[in-house]
S.K.: 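Please read through the structure below; I'll follow up with questions.
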Amino acid sequence: MIKFTLKCAEGHQFDSWFQSASTFDKLDGAGMVACAVCGNTDVDKAMMAPSVRAAGKRSKAAPSTADKGALSAPASPAEQALAQLRKEIEKSSEYVGHDFAREARNIHDGTAPERAIYGEAKPEEAQKLIKDGVPVTPLPFRLGRKSN
């Protein structure tokens, strides 16, 4: 896994994890990397310093109670906006899990009732939906995991 600092055309900066640098390139080329703040898909890697930890120098201290509380709440306005977006999507849409690609295509083709859905799709499934004109967009957060 690799963490990139990304910047959209509107100047918003955010971090995101990818399986590899080539995975980022493929997803970005397919328009599947979107700004975590505004949703703009014109996203580039921003300048960033490498994060290197010296071998054998790991801290064994447990996080303090204050640190644990700070980690559980959104720290910045951008994180608060993402938390609110997720809450709204979960409230107003139906979660279809790994059946997302099939269900989105069925809705688009008119063989399933029209409704707002969200779920999970493999990158190649999402690319095929986009290529076929099915209106989908990547979400700026992971699904199926309890947020901390």
Side-chain angles (χ1 to χ4, degrees), residues 1-60 63 67-109 112 114-148:
M1 294 293 282
I2 186 167
K3 178 178 153 187
F4 288 124
T5 298
L6 305 173
K7 186 174 182 180
C8 79
E10 299 296 320
H12 302 121
Q13 194 165 324
F14 58 100
D15 293 335
S16 190
W17 288 90
F18 296 90
Q19 186 176 11
S20 66
S22 62
T23 300
F24 166 80
D25 293 336
K26 286 178 190 172
L27 292 172
D28 187 46
M32 296 179 68
V33 179
C35 175
V37 178
C38 68
N40 190 329
T41 57
D42 186 3
V43 175
D44 292 308
K45 294 177 196 170
M47 293 292 289
M48 52 189 256
S51 176
V52 179
R53 188 185 323 204
K57 299 276 185 174
R58 295 184 180 189
S59 171
K60 297 195 186 208
D67 291 340
K68 288 179 186 174
L71 291 175
S72 64
S76 69
E79 288 176 346
Q80 291 171 357
L82 278 175
Q84 183 62 32
L85 173 64
R86 182 178 187 143
K87 186 176 179 181
E88 286 298 317
I89 288 171
E90 289 174 345
K91 182 174 81 174
S92 63
S93 304
E94 179 185 339
Y95 178 69
V96 294
H98 292 286
D99 292 331
F100 177 81
R102 182 180 48 79
E103 196 64 24
R105 185 171 304 282
N106 288 344
I107 291 169
H108 181 72
D109 293 342
E114 180 137 351
R115 66 200 189 281
I117 63 170
Y118 69 104
E120 301 168 55
K122 295 178 180 172
E124 56 274 7
E125 293 173 328
Q127 289 172 350
K128 183 149 178 40
L129 288 171
I130 292 166
K131 181 181 174 192
D132 294 344
V134 179
V136 297
T137 189
L139 297 175
F141 47 80
R142 292 209 32 113
L143 298 169
R145 293 186 178 190
K146 194 174 183 179
S147 58
N148 293 338

S.K.: Does anything in residues 10-21 pair up under salt bridge (charged side-chain N to carboxylate O under 4.0 Å, His left out), and if so which pairs, sequence neighbours excluded?
M.R.: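 Checked against salt bridge (charged side-chain N to carboxylate O under 4.0 Å, His left out) - neighbours excluded - the pairs reaching residues 10-21 are Lys3-Asp15.
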
S.K.: So, using side chain to side chain donor-acceptor pair (under 3.5 Å) as the criterion, who are the partners of Lys122 when residues are at least two apart?
M.R.: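 None.
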
S.K.: Just verifying a value: how many Å separate Ile117 CD1 and Ile89 CD1, rounded to the nearest 0.5 Å?
M.R.: 12.5 Å

S.K.: Nearest 0.5 Å please: distance from the CD atom of Glu120 over to the NE2 atom of His98.
M.R.: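 Result: 4.5 Å between the selected atoms.
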
S.K.: Using the salt bridge (Lys or Arg N to Asp or Glu O under 4.0 Å) criterion, which residues pair with Asp99? Sequence neighbours excluded.
M.R.: Arg102

S.K.: Less than 4.5 Å apart, any side-chain heavy atom of Asp132 and any of Arg105?
M.R.: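 Touching, per the 4.5 Å side-chain cut-off.
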
S.K.: What do you reckon, is NZ of Lys87 surrounded by more than 12 foreign heavy atoms closer than 6.0 Å?
M.R.: no

S.K.: With rounding to the nearest 0.5 Å, note down the distance linking CG in Leu27 to OG1 in Thr41.
M.R.: 12.5 Å

S.K.: Under a 4.5 Å cut-off applied to non-hydrogen side-chain atoms, are His12 and Val43 in contact?
M.R.: no

S.K.: Just how far is it from atom CE of Met32 to atom CG of Leu139, taken to the nearest 0.5 Å?
M.R.: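 Between atom CE of Met32 and atom CG of Leu139 there are 10.5 Å.
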
S.K.: Name all residues meeting the ring pair (Phe, Tyr, Trp, His ring centres under 6.0 Å) criterion together with Phe24; count only those two or more places apart in sequence or in a different chain, and write none if there are none.
M.R.: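 Phe24 satisfies ring pair (Phe, Tyr, Trp, His ring centres under 6.0 Å) with Phe4, Phe18 once adjacent residues are dropped.
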
S.K.: Heavy atoms only: give me the nearest Ile2-Ser20 pair and the separation to one decimal.
M.R.: CG2-C, 3.8 Å

S.K.: Ignoring hydrogens and angles, state whether a donor on the side chain of Glu88 or Gln84 is under 3.5 Å from an acceptor on the partner side chain.
M.R.: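 Yes, side-chain donor-acceptor contact under 3.5 Å.
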
S.K.: Mind listing the closest non-hydrogen atom pair of Val136 and Ile130 along with its distance?
M.R.: CG2-CG1, 3.7 Å

S.K.: Considering residues at least two apart in sequence or located in another chain, which fulfil the salt bridge (Lys or Arg N to Asp or Glu O under 4.0 Å) criterion with Glu114?
M.R.: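 Expected list: none.
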
S.K.: Compare every heavy atom of Phe14 with every heavy atom of Ala34, then report the nearest pair and how far apart it is.
M.R.: O-CZ, 3.6 Å

S.K.: Can you list the residues that meet the salt bridge (Lys or Arg N to Asp or Glu O under 4.0 Å) rule with Arg115, with sequence neighbours excluded?
M.R.: Glu94, Glu103

S.K.: Determine the minimum heavy-atom distance between Tyr95 and Gly119, stating which atoms define it.
M.R.: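 Residues Tyr95 and Gly119, closest heavy atoms: CE1-CA, 3.9 Å.
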
S.K.: Kindly give the heavy-atom pair with the smallest separation between Cys8 and Asn40, and that separation in Å.
M.R.: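 Shortest heavy-atom separation between Cys8 and Asn40 comes out as CB-CB, 4.3 Å.
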
S.K.: Tell me, do Leu6 and Lys45 make a side-chain contact under 4.5 Å, heavy atoms counted?
M.R.: yes

S.K.: Which heavy atom of His108 sits nearest a heavy atom of Gly133, and at what distance?
M.R.: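 Residues His108 and Gly133, closest heavy atoms: CE1-O, 3.5 Å.
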
